[in-house]
Each structure stands twice: as structure tokens, then as C-alpha cells.
**Student:** 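The following block contains the structure, expressed as C-alpha cells.
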Amino acid sequence: MYKVECHCKSVKLQVNLPNILDNLVKCNCSICQKRGAIMAIANKDDVNVIEGIDKLSLYQFHTKIAKHYFCSICGIYTHHQMRSNINKFGINTSCISGINLDDIKNVRLSDGINHPLDKK
Ligand SMILES: [Zn+2]
């Protein structure tokens with residue numbers, strides 16, 4: 001179990017992330033490119049907001065399938081429900097307590113700019 005916190009600590013999540021270091025992703029879609037976060041991928045049922053659910057803001061765009069959450073006070077992206085699989089969440093690794101940035105080595109690139117759901 002990992003604890004996930006925004007900067008001002010208003011929003012707290014508890015996330016079960018087995019094999020976290022093998023499930024790290026960067027993405028080149030329009031929002032990820034600007035956000036710049038390395039994400040850990042979690043199953044929906046393993047993600048629990050334990051504090052500050054009323055402080056979370058939701059941002060949606062384009063097909064409005066993905067749900068991008070960020071703290072309405074400090075503005076930090078904490079997690080999002082993925083468009084490619086709504087049963088998965090991306091978790092901002094920079095918000096996870098107990099993960100050392102030096103341990104982050106294998107990061108997969110997701111080609112979100114060529115999202116399969118955008119192919120005609
Ligand atoms: Zn915050």
C-alpha cells in the first residue's frame with residue numbers, strides 16, 4: 001500500500017501498487033506532455049481517496065472519457081482514470097510517499113498522441 005498526497009496534503013489516497021517499478025509510464029498525449037508526470041498504473045479497485053475528495057477538481061477534454069483529477073487548492077495532479085481502460089488509474093509517482101526517484105529506471109512510453117481510440 002502506498003500513500004499518495006498532493007502538495008498541500010488536502011488530498012490523500014491509498015493505492016495498492018504491486019510491482020510498482022514495473023508499471024511506470026510516460027505519455028506523449030496533449031495533456032501528459034504538458035503535465036510531465038511519470039505515472040504508476042493501478043487497478044481501479046485498488047485506488048481509494050481517503051481524504052479531501054471534496055477538494056479534488058475534475059478536468060476533462062476531447063472525448064471526455066478520461067477523468068483527470070487535481071487538487072483544487074495546490075493544483076497538483078494526483079491521479080486520473082484512463083481513457084484506454086477505464087478500469088485503470090494513472091497515479092502521479094511524484095506524489096507517492098516511499099518511492100525514491102532514483103529507483104525509477106524502466107519507464108514505458110505510451111504513444112497517447114496516436115491513441116487507438118482516435119483512429120478512424
Ligand atoms: Zn493540495
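Heavy-atom basis, side chains included; hydrogens, waters and symmetry copies ignored. Heads up: numbering here begins at 1 and tracks the sequence. Whatever order the structure lists ligands and atoms in, that order sets their numbers, starting from 1.
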**Student:** Do the non-hydrogen side-chain atoms of R35 and H68 ever get within less than 4.5 Å of each other?
**Tutor:** yes
**Student:** Could you pull out all donor-acceptor pairs under 3.5 Å where a side-chain atom in residues 70-85 meets a protein atom, sequence neighbours excluded?
**Tutor:**
from, atom 1, to, atom 2, distance (Å)
S72, OG, K55, O, 2.6
Y77, OH, H80, ND1, 2.8
Q81, NE2, I86, O, 2.7
R83, NE, T63, OG1, 3.3
R83, NH1, D118, OD2, 3.4
R83, NH2, D118, OD1, 2.7
N85, OD1, N87, N, 2.9

**Student:** Is any side-chain heavy atom of Q60 closer than 4.5 Å to a side-chain heavy atom of K67?
**Tutor:** yes
**Student:** Between L17 and Y2, what is the shortest heavy-atom contact and its length?
**Tutor:** O-CE1, 3.6 Å
**Student:** Does the side chain of I104 come within less than 4.5 Å of L24's, by heavy atoms?
**Tutor:** yes
**Student:** Output the distance between atom CD1 (I38) and atom CD1 (I91), rounded to the nearest 0.5 Å.
**Tutor:** 14.5 Å
**Student:** Below 2.8 Å, which protein N, O or S atoms neighbour the Zn ion (ligand 1), ignoring water?
**Tutor:** C6 SG, C8 SG, C71 SG, C74 SG
